[in-house]
Structure formats: structure tokens, C-alpha cells
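Proteins get letters first, then strands, A, B, ... in listed order; numbering begins at 1 in each.
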Amino acid sequence: MRRYFGRKLLIYGLTFFMAVTVNWLVPRLMPGDPVASMLARARVAQPEAQEALRVYYNNLFGFDLPWWQQYLNSWGSLFRGDFGISLWAFPTPVADLLTRAVPYSLALLIPSILLSWVVGNRLGALAARRKVLDNTVLPVSYVLTATPYLWLAALMAWGFGVVWGIFPVAGGYSFSMTPSLTWAFLVDLFWHWLLPFASLFLVALGGWAIGMRNVIIYELESDYANYMSALGAPQKLIRRYAFRNAVLPQITGLALQLGVLVAGALVTEIVFSYPGLGSLILAAIQNKDFFLLQGAFLFIVLGVLIANFIIDVVYVIVDPRTRVGMAGAAA
Amino acid sequence: MTLEVDDLRVYYRTLKGDVQALDGVSFGLRDGEILGLAGESGCGKTTLGKALIRLDGRMKHVGGSVTLDGQVLPIGDDVKMNPYRFKQVSLIPQYSMSAMNPTRKIGRMVRELLESRREKLDLDELHSRLDLVELPRHVLGKYPIELSGGMKQRMVMVISTLLNPSLLIADEITSALDVSTQKAVVTTLKGFRDRGFVKSMIFITHDISLTNQLADTIMVMYAGKLAEKAPASTVVNAPKHPYTQLLISSLPEVGVRYADKRLTGIPGNPPSLLKPEPGCRFRDRCPLAFEKCAEDPPPVEVEKDHVVACWKAA
Amino acid sequence: MKTEALYFAVRNTKLLVGAGIILVLLGIGVIGPFFIDKPPTEYVGMQMQPPGGEYWLGTNTFGQDLWAQFVHGLRTTFLVGALGGGIAAVIGMVVGFLAGYKGGWIDEILNMLTNIVLVLPTLAVLFILNAYIGVRSAGMQALFIGLTQWPWAARSIRAQTFSLRGRDFVDLARLSGVGSGRIIMREIAPNMSSYLLLTFILLFGGSILIASSLDFIGLGPTDAVSLGLMLQQAHQWSAMHLGLWWWFVPPGAGITLIVGALYVANVGLDEVFNPKLREL
């Protein structure tokens, strides 16, 4: 078990290290003076900020220092939580923008990932070896999983928002509201949250259902299932065992899908102008705010790594084979 | 008689048609009797074993009956068969190494299995049986992966016989084991019978020499039909069916020395069972074949308890 | 074996339906542009026309012909999918074969690399690369997608290679002094060719989905029209609020159809190659 975690942590550490290094290296690979060209390309809100920004960023990049010093400094500022200052939203620090957006992104991601996983697994297990369900659940699942997140989001926004006018189609809450802990505001918040959540949930659902169906069919034909059947155990018990064992590869699958799910959430936020990281990234790209973009990148990488680690811990809790020191999970 | 099998036919459904894997086999099994079931792979011995406890999805019961302790087993009906499984008929599978759910502690799995059959777990009895097969009691608190191969094998043997079934089917359980472990398994099975944990047993194997150490009676099958059935010593020392004779002589030693004999395999292959031609199915490979073999040879009791299906032996 | 696969292939509805849809759409994407004389971005006529006789899919707020865009977009989408999926498949095969066949420290290093790229959130890496490097041709987009998509393919190919490595025919080749490269090409790859085809199909579909996301956040090719870019423009110019559903429904439906058909064909192929999955 120690070896298992040691390996995982080594990989996550190396990944983070690579991400930070790429993040540091890419701007320096651009020809010419990166600060000047960035400021020239950026659409800075206040023109008078230009000079202030130039001084600030020349200082931050520290081009007069040797490269290794620059590199170490970038790690230093990272640990201080200093991601620079946004060009687009000058003079707000990038870290502030990101920390304001993250709760919205998490509010979409965590419930949609967990719920789609749980419901999708149930659906897939039900579909397996039941002809009627299999012939309905499976095709629908394939359509859902082939749907681009952004398109389903657009369809739902158009249908429920524009045509029927049931749900709001933009923002995290109504413009007329000020954030506060009142019922009215919370209801408004929930109302804005529902459509983006639902579209994320639906697309992800299909993939989990397909995955579970395929794994559980394999489990239902495994030796232990055959042995239990030969001893007359009821289908209920066999299915319970098969489901529980089929959940294990689905947990691994959850870790592997995290990147795709995060990407889906980002574009969904953009469709709904939801004030999370996705909308921030769109603004950064449109306004060539590279510092904001890089900050968002590191935030996402860090978030995905933390989530991966949590999933690893859960896996060890659920699969006894990893605990008794044998290789159970794939590295 | 514990078990009576009468003209049992079980076919495999395939895309090309039905494979007549088990084509009219009849035999009986007395209380306390251990039957060794031998033959090449594909001769129908595994199909017979499965037919007695659980047909797999592609098999269908075409005809014949199985009577156990006076009750006719509904072998063609998977659900109706359930009440008999484990309690009357039980199985030690080929795949003992992976027969237990990998994510349940063994003790808990046994308890859940018994509860699902509405049986109470008698822990003292379980413990005494573990002692008997020399398994430490704490294996019940372990996951299957923590047990060695031999321990898993013994654990499965204990589980399968826990409810004292009338008939135990042991399907190729020794093929993956080394010789000394094979011996131990055979001794254990004999012990189970002697203590009355199981009333009778069918021991399926392709290894006649091992069968000889355990079985009272040996039944040799060929291409879905019974070839010869007789007390173990008769089959080994005085086989009547040409196939049995070739099978015995192709073994390096079966208690008897064949020092001056060349070891011979049997040339040729068993016939396709998709649409087998009428007549003796062994005749293409049989050194003694003659015109009469174009007709099906019926199983004939040539002497007491010695049944042979061959025109030459009758 | 070959004829058997063919026997089941022409009887597999999933495969036939999936392949049929793909072929029709591919046909439209390949041949269609030859029947449209004007470039897809030209302002051809009336603005915001609903679908009709003259403009099959209507026009957008600029008076661009959306059918022309759709046809050209299909072409780009297929191109990016095939190229991105192809590059990912090649990298995945090289890494998977080497790691699985060579084992030892080569395996350790490649495995580590695979796992690192695997946990990196692909889209986040792509938007950093795209935003800075800013090369925006469809081919470049496909290259970047290919460079980030290979890890899971490498992982499963490695596992397959690993199990084939111990087989007799591979041992025999090794004992008779055949080099590793030849063994991989001659003995191992042909034995998992069906598996490799399935992997490529999944990568193909995945690449199309990623490309559509990149297009949508404004990091798509600037020299071409794609289905994702149509969606991006529709969103940027508020097609939804203006009620121009014909601007964003067809391109999304196109992507869904292609990817869905690929996945379904993949399942069908799997049943053809894998006797265990065939229903009786």
C-alpha cells in the first residue's frame, strides 16, 4: 500500500512539476520581449495602466537574472499564491479572480460528476443482461456520450431558456440581485445552476452507463459468479457482488475521465456565461490575458491532481487487494 | 441408488447448428459410490457434469432424465433447479483459484451465501471442517488473494460440501496441481465420503491413473456417449472397449507395468458432433472396426456391473 | 478467420448502421464542396434566412450560406479527427509496443511518462499551447490533439503486448534471432490488429470532440471552417437569442452523429472480432 501511494504521489509530483515548468517556459519561448509583446496584444481596460503593468511584469519576470534564478523565483511566487495581475481586469490579482470563480466551477463539477457516476452505474448495471433495458439504455447512452458538452448545453439553454422561458440562460445569479444569504438569492442561484448542471450531468451519464454495462457483463460471467450460481445463490446476491466488483474499474475510470469532465464543464460555463473558470478562460483568450490563462491552467492542473489523489484513497478503501499489499489497481 | 441418469441428451447451440455433446447416456450411482468419469476433452464428460448441476447458457436439455434420491431433477429449468443446488447437488469447480469473490472476506462470503439459501451458518461445524483440511480458522477473516493456491482449493472443497449434498461433482479439480497436492486432494475427497459429508461423488478427469486411486467405478466416455463403465480395477486391468484399451495402454503406468510396450497415443481425432453419422462414433479410429459398426452399438452389461458399448465386446 | 470476420461484419447491424452514417457524412464532406462554387465565408445573400429551397440550412446574421459552411465544416472535422486520432494512435502504438515488449527500465520510463500525460487535463494543456503558439491551421490543431490524446491507448496496447510477449510464436521468433522491431511488426502487431483498429476509432471520435471544444473557446483553426467553429460563431453572435436555431443545431447534430456513429460502429466491430460478445 505504501508503494502504491508512493508511486502515485511521485507521478502527481512530477506532473505538477512539468506543468509549472511548461508554464514558465512557454512565454519565454516566444520571440522578442514577451512583456512588450504581451502588453501590445492584450486589450488592457485602462490605457494608463500600461506603464504600470510594464514595470510590474519586467520585475516579475526578472529578465536581468540568470534563467535558473528566474525559474526558482517563479516557484517562490507560486508558493506565495502570487499568479501576477490580470491585464483584462486590471488591477485585480489573477489569484483573486480565480478564487472567486472556483466555487462556481466546483458547484457545477462536483455534483454533476458524482451524481452522473452513481446514476450511470446504476443504469448500466440494470441494462446488463436485460434485453429490453439494454436496447433502450444503451443507444441513448451512446448518443449522450457522443454529444459535445457545449452543444447539449446550447440546446438546453435554447429550449428551456429562450423558447419556453422557464430558466435563465446566463450568469450565476440575476443582475438585480446582490449576493447575500437570503432565501430569494439562494433560490435564484439554484435556478441559474440547474441548467448547466443538468447538461453536464446528462452527457457524463451516458459514458458511465456504457462503462458499467460492459464491466458488469464481464463480472457476471466471471468464475465466482458461476460458482455462486452453481451453488444456487439467488441472482440478487450475484448481481450485488458483480456490481461491487464492477465499481472498481469505474473508480479508475473516474480518475481517467476527470480531464474530459473538467473540459466539459469549462465549455458549458461558457455557453451559460456561468461565472466559473470557463468563462474566465474565455475572457482571458479573447483579451489575450496570458497571466490569467496561465493561472487558470495551474489551478486546473492542481485541482485535477488533488481529485486524482482523493480517488486513489477511495480506491484503496474499496478494494481490499490494494490493502493487503498485492497489486490490485493498475498504476 | 442415489443417482439415476436415464438416456440423458444435452446439446450445445451454435451458429452452425446443435452440437450433440451428450447423446443418450444412462448410468446409476449407489450410496457412497465414487464414480470416476474419464475421456478425452470434448467427449462430453464436462457437459455431463454441468448437466447435473447447472447448464450454461448455450446448453439445452433435449431429452432423458436425472433422478436424485428419488426426485427428478428439473435440470432444464435454471430457476427450478436452484433449490436442489448446494443442498442436494454440489460442485467443486475447475477454477477453484478464482471461485471466491475477490472483494469479500471468505467468512462473510460463506455466511452471505448460506443466508441467501436460508441456511444458518454452523460455525462449529465450519471450524471442524477447516481443521479437517488443515486450514487455520483465521482464513475466514481473510480475502481470497491472501490464501495460497492449495489453501483456496481446500477452502472451496469445504464450502461446496458444507450442506452435506447427496451428490458432489468434482470437475477437473486436479489438472492444475502438482502430483503430491493431487494426492492430498484425492485423500481429502475420500475422507469427505467416509465421514458422510457427501453421499456420492462424480470425479471428472482426463487422468485415468488418478481416477484409479479414488474411484470405485470408472466410466469412460467417447464423443458424447458412454463407452465403458466398470469397477475401477476392471477398467484398468481388463478393459473390453477398444477405446478404453487404447486409452489405458497410452498411459505410462497404471499400477501395471507396460515396460515392453511402446507408448502410443491414439491416432486420429474424435468425430464432429455437429451432425454425427449413425453408427459407432469410434469406428474411424478403431483398429477392430467392421461392417456392423455402422450401426449404433447399445451399452450391454457383459458381466455384473460391467457395461460396454461395442459390438466386438458383446 | 478473415472470411469469418466478414461473415459476421455484414450481419452486424451496429456496424452497418454506424459505418453507413459515417460514409454518408464523409461523402458529403468530401464531394459536397465541389458543388459549392463560393467560399463558405462569403456573404452570399439575405441575412438570417431560415432553411429553405435556395439555402438549405439558411443563412446567418452576416448572410453566409450555412449549408456551405456545414459541408466544409464536415470536411475539416473529419480531417482533424482522422489526423488527430491517427497521430495519437501512432504515438500510443510506439510507446505501448516498446514498453510492453522491452520491459525493464524502458517500460518504467515510458510508463511514468504515460501516467503523467494521462493525469494532465488535456484541454487545459491545449489552450496554453494554442494560445501562446497560436498556429491555427486545422493540421496544427490535429497535431496538438494527437500529442495529448495517446496515453490511454499506449496503456492498453502495452498491456496487450505484454500478454502476447510470452506466447510461443514470439519466443520462437526471438530464439531464431529476429530483432525486436521486426518481431513487433511481424508477430505482435498483426495479432492485435483488430484491437488497434478499435483503438484508432475511439481516438478518432475523441479527437473530434476535443477539437469542437477548442474551436468553441476560440482556439480553432483560423484558415478553415469547422463544425465547432460554426457553434462558436453562433454563440458569439447570439444565434440562440435571435432564434436562429438553424445556425447551431445542424453543426452540433453533425458532430454528435459522426462521433456516435463511430462509437456504435466500434461496438459492432468489437462483436465481429470478439466471438465472446456475439449474441446467439
Side-chain angles (χ1 to χ4, degrees), chain A residues 7-8 10-12 14-15 18-19 22-23 26-27 29-30 138-139 142-143 145-152 154-155 157-158 161-163 169 210 217 221 255-256 258-260 262-264 266-267 270-271 278 281-282 284-286 288 290 293-294 296-297 300-301 303-305 308 330-331, chain C residues 111-113 115-134 148 151-152 155 159 205-206 208-210 212-213 215-219 227-228 231-232 234-235 239-243 245 248-249 251-253 255-264 267 276-277:
Chain A
R7 231 186 135 73
K8 290 283 186 184
L10 176 66
I11 286 167
Y12 299 153
L14 279 174
T15 308
M18 273 206 9
V22 165
N23 214 19
V26 167
L29 290 178
M30 298 208 309
L138 209 60
Y142 272 107
V143 171
T145 199
T147 309
Y149 280 93
L150 58 108
W151 189 57
L152 187 68
L155 285 185
W158 178 59
V162 178
V163 178
V169 290
I210 294 168
I217 283 182
E221 280 167 5
L256 294 179
L258 274 178
V260 176
V262 169
L266 295 182
V267 292
I270 292 175
V271 172
I281 287 166
L282 181 70
I285 288 171
Q286 285 177 342
K288 300 273 185 291
F290 290 102
L293 199 58
Q294 288 191 302
F297 170 69
I300 292 173
V301 170
V304 167
L305 291 180
N308 258 294
Chain C
N111 206 10
M112 192 67 90
L113 181 71
N115 281 317
I116 287 172
V117 184
L118 198 63
V119 289
L120 272 178
T122 312
L123 195 74
V125 178
L126 283 176
F127 66 60
I128 283 288
L129 284 178
N130 268 3
Y132 270 106
I133 299 174
T148 46
W152 72 261
R155 230 167 85 156
I208 290 177
L209 287 180
I210 291 186
S212 72
S213 292
D215 292 351
F216 189 70
I217 51 175
L219 297 173
L227 298 182
L231 287 169
Q232 186 257 334
H235 179 253
M240 201 196 292
H241 298 279
L242 299 172
W245 55 266
F248 62 87
V249 172
I255 296 173
T256 308
L257 261 179
I258 298 175
V259 179
L262 281 169
Y263 287 171
V264 170
V267 178
K276 265 195 198 161
L277 300 174

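- Using a 4.5 Å cut-off on side-chain heavy atoms (C-beta onward), C:Trp245 and A:Val163 make no contact.
- Most heavy-atom pairs under 4.5 Å with chain A, from the set C:Val259, C:Val249, C:Thr256, C:Val264: that is C:Thr256.
- Side chains of A:Val262 and C:Leu123 form no contact here, defined as non-hydrogen atoms less than 4.5 Å apart.
- Of all the heavy atoms in A:Pro148 and C:Gly252, the pair that sits closest is CD-O, 4.4 Å.
- Your options are C:Val119, C:Leu118, C:Ile255, and the one with the most heavy-atom pairs under 4.5 Å with chain A is C:Val119.
- Here the side chain of A:Trp151 pairs a donor or acceptor atom with the backbone of C:Phe248 at under 3.5 angstrom.
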From CA spacing to verdict: side-chain contact (heavy atoms from CB on, under 4.5 Å), C:Tyr263, A:Ile210 = CA-CA 11 Å; C:Tyr263 287 171; A:Ile210 294 168; over 6 Å; no
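- Residues A:Tyr149 and C:Leu209 are not in side-chain contact: their nearest non-hydrogen atoms beyond the backbone lie 4.5 Å or more apart.
- Of the two parts of A:Leu138, neither the backbone nor the side chain holds a non-hydrogen atom closer than 4.5 Å to a non-hydrogen atom of chain C.
- Put simply, of A:Val143, A:Val271, A:Leu152, the one with the most heavy-atom pairs under 4.5 Å next to chain C is A:Val271.
- For a residue to count as touching a neighbouring chain, one of its non-hydrogen atoms must lie under 4.5 Å from one of that chain's; by this rule C:Val117 does not touch chain A.
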May I have the step-by-step check of side-chain contact (heavy atoms from CB on, under 4.5 Å) for A:Leu256 and C:Trp152, ending in yes or no?
-> CA-CA 9 Å; A:Leu256 294 179; C:Trp152 72 261; 5.5 Å; no
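- Heavy-atom pairs under 4.5 Å with chain C peak, among A:Ala154, A:Ala296, A:Gly259, A:Gly303, at A:Ala154.
- Using a 4.5 Å cut-off on side-chain heavy atoms (C-beta onward), A:Lys8 and C:Asn115 make no contact.
- With a 4.5 angstrom heavy-atom cutoff, C:Ala253 touches chain A via backbone and side-chain atoms both.
- At least one side-chain heavy atom of C:Val125 sits less than 4.5 Å from a side-chain heavy atom of A:Phe297.
- For the pair A:Val267/C:Gln232, no side-chain contact is recorded, criterion being any heavy-atom separation below 4.5 Å from C-beta on.
- For the side-chain contact (heavy atoms from CB on, under 4.5 Å) test with C:Ser213, the passing option among A:Leu266, A:Leu150, A:Val260 is A:Leu150; the others fail.
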Decide side-chain contact (heavy atoms from CB on, under 4.5 Å) for C:Met240 and A:Leu155; before the verdict, give the C-alpha distance in whole Å, the side-chain angles of both, and the deciding distance to 0.1 Å.
-> CA-CA 9 Å; C:Met240 201 196 292; A:Leu155 285 185; over 6 Å; no
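- Within the 4.5 angstrom heavy-atom criterion, no atom of A:Ala255 approaches chain C.
- We find the CG-CD1 distance between A:Leu10 and C:Ile116 to be 7.5 Å, quoted to the nearest 0.5 Å.
- For C:Ile217, the parts lying near chain A are the backbone and the side chain together; criterion is any non-hydrogen pair under 4.5 Å.
- The distance from atom CD1 of A:Ile300 to atom CG of C:Leu120, rounded to the nearest 0.5 Å, is 11.5 Å.
- If you measure heavy-atom distances from A:Ile270 to chain C, the contacts under 4.5 Å come from both the backbone and the side chain.
- Put simply, CD1 on C:Ile128 and CG on A:Asn23 are 5.0 Å apart, with the number rounded to the nearest 0.5 Å.
- The minimum heavy-atom distance between C:Gly260 and A:Ala146, with the atom names listed, is N-CB, 3.2 Å.
- Residue C:Ile210 does not touch chain A at all, counting heavy-atom pairs closer than 4.5 Å.
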